[in-house]
Amino acid sequence: MNCRSIAVLVLAWSAVSILITGCFGKQEINDLAMVTAVGLDLYGDNQVSLSVQIVRPADARGQTGAPSGGTGEPIYSIQSQGRTIFEAARNLARFSSRRVYWAHNFVIVIGEDYARRGIADMIDFFTRNHELRMSTWVVVTPDKASEVIATITGMEVVPGEAIDKLFRYNQIVAEAPGSNMMRLQESFLATGAEPVLAKVQLKPRGISNKKPNQFGSLKQVVLSGAAVFKGDKMQGWLSPKDAKGLLPFIEKVDSEIAIVNCPNEPGKRTTLELKKLKQTMKPGWKDGKITLRIKQKIDANLVELGCSNSYAVVREQLEVKLRQQMEDQVKNIFDIAQQQYRTDFLKAGQTFHNRYPQEWRKVAAEWDDYFAEADVTVQTDVKLTSPVLKLKEPTSGKELK
Amino acid sequence: MTVQPLLDTAITDSLQTNVDLIQRIMGQSVDFIKRDFDFHQETNRQGVCFYTDGLISNTELQHILKAILVHSQELPAEILLQADTVEELKRRLMTNCSLRAIRKIGEGVDGILGGETLFLIDGFAEGLLVVTKAWESRSITEPATDNVVRGPRDGFTENIRTNTALVRRRIKDPSLRLDSLIVGTKTKTDLNVAYMEGIVKPGLVEEVKARIHKIKIDGVLESGYIEELIEDAPFSVFSTIGTTERPDKVAASLLEGKVAIFVDNTPVVLTVPTFFWQFFQASDDYYSRYWVGSFFRIVRYIAFLISLMLPSLYVMLVSFHQEMIPSMLAFTIASGREVVPFPVLVEAIMMELAFELMREAGLRMPKPVGQAVSIVGSLIIGQAAVQAGLVSPFMVIIVAVTGIASFAIPNYSASLSIRLLRFPLIIASGMLGLLGFAGMFFIVVIHALSIRSFGEPYLAPAAPFRPSDQKDIVLRLPWWSNKSRPSIAADAKRQQDGAMPKPPES
């Protein structure tokens with residue numbers, strides 16, 4: 001058989017195999033119900049209520065191409081129940097006219113009651129399914145997850161996208177961890193680390209353009225705070241202030257702000273922007289007890305001076321105050337982790353494991369107890385860089401005369 | 001009745017016999033002219049000349065006849081009795097440059113049909129064939145394909161001698177050889193094989209001639225006939241023989257050790273061997289500065305990829321791999337497709353066909369109408385079809401970009417074969433997604449890898465990789481760094497070292 005007949009054979013074979021398989025696995029993009037947000041609530045005692053936010057492309061994207069009728073709503077939110085998450089997802093087919101497609105999901109919202117019951121099934125389902133992405137954000141809400149899902153929020157047309165952008169922009173507030181599926185699974189599977197998820201809440205933050213005097217008539221999704229887990233069960237909330245202390249332990253923080261009271265001037269405040277926050281945790285093992293040494297190195301910028309003295313005068317005092325404040329912040333989060341919830345969501349176990357693999361075997365089983373007893377010392381190093389162009393105090397020029 | 005035995009007969013010394021024979025062969029064609037004259041009254045010798053009206057210059061013939069009629073009488077009678085009289089006539093009578101004596105009727109007939117004038121004189125067993133060729137032909141104009149912004153504007157014409165002269169004017173070197181062949185049993189088309197002795201790849205000229213000698217066809221009306229009859233991969237969609245209308249391109253090919261085949265009556269000259277990448281090289285690349293040349297060459301490679309793959313990638317993503325589209329884009333595409341009643345595959349094929357239809361219609365119609373066709377077509381396809389909900393706006397963009405990209409490929413025949421390959425790719429990816437696309441693409445690549453052009457791998461110098469030939473593939477390196485010819489050339493040295501210009505020392 002020469003080359004040519006082999007080539008002909010290969011061509012014929014591929015042509016036949018393409019033709020007889022037809023369009024295997026084919027699904028047109030406009031036959032899909034693209035999910036942009038998922039909500040999980042507890043239904044009854046032990047059942048799942050799954051709400052999905054599905055984008056309606058024709059209305060979400062305006063008049064591209066031919067005019068198409070519609071309600072004008074960019075999303076289509078539906079809910080179904082089931083004994084398991086997958087059953088609930090399948091039950092969506094009872095009323096969704098299109099195949100539910102998960103690959104473009106932005107966010108998974110878990111209701112508080114569901115989170116307190118345990119999220120192991122949710123972690124498994126959302127990591128096992130090949131259509132789902134590990135970069136999906138995971139949040140917990142004290143409200144009904146279904147309500148969060150169905151609320152139009154943010155400036156984006158699709159609310160799911162708005163929450164996605166919220167996460168990306170939220171780092172400058174530094175009040176909620178950027179918890180995505182990848183991080184959730186990582187801390188869920190790890191020994192010596194517990195999951196912590198961001199918190200979203202519906203708050204009346206929007207002002208209606210038609211009735212501006214009724215402030216807060218529109219609910220908006222607010223991303224702030226965190227939910228602390230032990231294993232797969234939620235233990236409690238972290239306030240936005242607590243979450244600020246948590247963030248350096250689990251992710252890179254930059255451009256967080258700190259507000260410091262002016263020295264000797266009650267009621268006057270100065271705002272500093274932490275341009276660089278480098279934090280390390282050094283574990284130690286001494287007489288069967290864990291010690292944790294936290295070291296922070298902070299480069300801060302002055303962004304708003306409220307004191308009546310010039311920056312040159314108050315600078316050193318501000319440094320001291322900021323150092324004190326940052327140390328308190330770390331101590332506070334350790335208090336919460338060690339005393340209030342007795343769960344190691346600060347990844348101290350992982351750090352200890354890496355440093356003392358032998359000792360870790362002994363303490364692993366009772367790590368929570370060891371962690372709660374751990375001796376924590378904080379050392380903060382603050383440097384305020386000087387804004388050269390504006391050293392003077394913010395006083396009016398007229399008063400000087 | 002076959003005239004072959006008649007053509008083989010020798011010219012006799014009886015004028016009447018010869019004339020009868022030729023008239024039997026040529027028949028009663030109106031453009032076949034016989035002109036009698038008295039050659040030598042003293043010995044009572046008659047003469048006859050034959051020519052084809054329209055192929056000869058009447059003025060030139062008049063000059064010849066004048067010379068014969070006036071001066072033949074002065075010839076001494078004894079000369080006419082000598083054996084080599086025709087030689088003598090050549091020396092004493094004929095005023096024009098090119099003529100030869102023949103002994104066979106067939107040669108005379110070929111000459112008459114080729115624009116020569118045959119003189120027969122009573123008593124001589126030889127004829128005189130005088131070259132009086134002159135016919136209307138197009139003047140040298142800018143070629144229709146392969147246009148350049150910077151570079152010579154002359155293009156080949158339908159006259160083979162003009163064409164070879166255009167190349168000869170560029171290479172004034174005795175090693176430029178032009179070998180003549182004749183193909184086509186009926187058309188007897190002139191064909192010239194051009195090459196640079198000493199630079200051409202060894203054995204290539206013999207191979208080209210051997211392949212041309214194998215051609216046994218009645219007619220060759222265009223170089224496309226030759227191309228199809230001598231190419232290496234007759235079943236392939238890829239063209240393994242280069243075509244061009246530009247004399248500078250032919251000259252460059254010759255200097256690279258290639259062979260050019262000129263065919264009479266067509267401005268399209270063939271060059272062999274040809275590599276696939278050559279189709280993306282425009283003459284401009286070499287005439288513009290190398291930065292610009294390299295950049296636009298890369299743009300053309302991108303155009304090639306777009307023109308080959310863009311519609312199939314779109315079909316693949318939209319009907320199989322929606323997760324690979326960025327979310328926002330996915331929503332936009334979905335909204336555009338909301339009211340489209342066809343699957344993407346059907347939509348794509350429909351639009352591609354509509355595009356090809358418009359292109360073809362615009363090409364075949366008379367020029368003013370052709371423009372109208374494209375305007376109406378683009379309006380209907382671009383605007384109305386979208387508003388009617390028949391196609392999505394995205395598909396219009398995809399097809400338009402693909403179409404423009406395919407026009408950016410300088411070589412017309414390569415652009416066509418890439419356009420053809422698009423359809424199997426679209427169908428495969430519309431039926432099996434990424435698997436189908438990858439499968440079909442691999443079949444195409446493996447096929448391209450398997451074919452050769454006159455002994456050279458088609459995808460060289462990329463595969464097989466030839467390091468020294470990379471200087472003129474993706475990038476066009478500056479001329480001063482281009483020291484050697486491509487590796488197919490026998491004489492590798494192109495220029496001396498130290499060619500890089502620099503300012504004087506002080």
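Values in this document were obtained by computation on a predicted structure and should not be read as measured data. Every chain is numbered from 1, with letters handed out A, B, ... down the list of sequences.
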So which part of B/Phe394 gets closer than 4.5 Å to some heavy atom of chain A, the side chain, the backbone, both or neither?
neither

I need the A/His104 NE2 to B/Glu323 CD distance, nearest 0.5 Å.
7.0 Å

For B/Glu207, the side-chain hydrogen bond (donor to acceptor under 3.5 Å, both in side chains) test, sequence neighbours excluded, returns B/Arg211

Nearest 0.5 angstrom please: A/Ile29 CD1 to B/His321 NE2, how far?
12.0 Å

Does A/Glu87 CD have over 12 foreign heavy atoms under 6.0 Å away?
yes

Top contributor to chain A contacts, counting heavy-atom pairs under 4.5 Å, from B/Ala233, B/Ser327, B/Pro326:
B/Ser327

CD1 on B/Ile446 to CD1 on A/Ile6, rounded to 0.5 Å
11.5 Å

Heavy-atom side-chain proximity of B/Phe331 to A/Val157 below 4.5 angstrom:
no

Residue among B/Ala330, B/Pro424, B/Gly439 with most heavy-atom pairs under 4.5 Å to chain A
B/Ala330

Step-by-step side chain to side chain contact (heavy atoms under 4.5 Å, CB included) determination, A/Gln27 to B/Phe320:
CA-CA 6 Å; A/Gln27 48 192 15; B/Phe320 284 90; over 6 Å; no

Check whether B/Val396 gets within reach of chain A through its side chain, its backbone, both or neither, counting any heavy atom under 4.5 Å.
neither

So does A/Asn30 get a backbone contact from the side chain of B/Glu338, meaning a donor-acceptor N/O pair under 3.5 Å?
no

Please give me the minimum heavy-atom distance between B/Ile325 and A/Arg133, naming the atom from each residue.
O-NH2, 4.3 Å

Among A/Glu131, A/Glu156, A/Arg98, which residue has the highest count of heavy-atom pairs closer than 4.5 Å to chain B?
A/Arg98

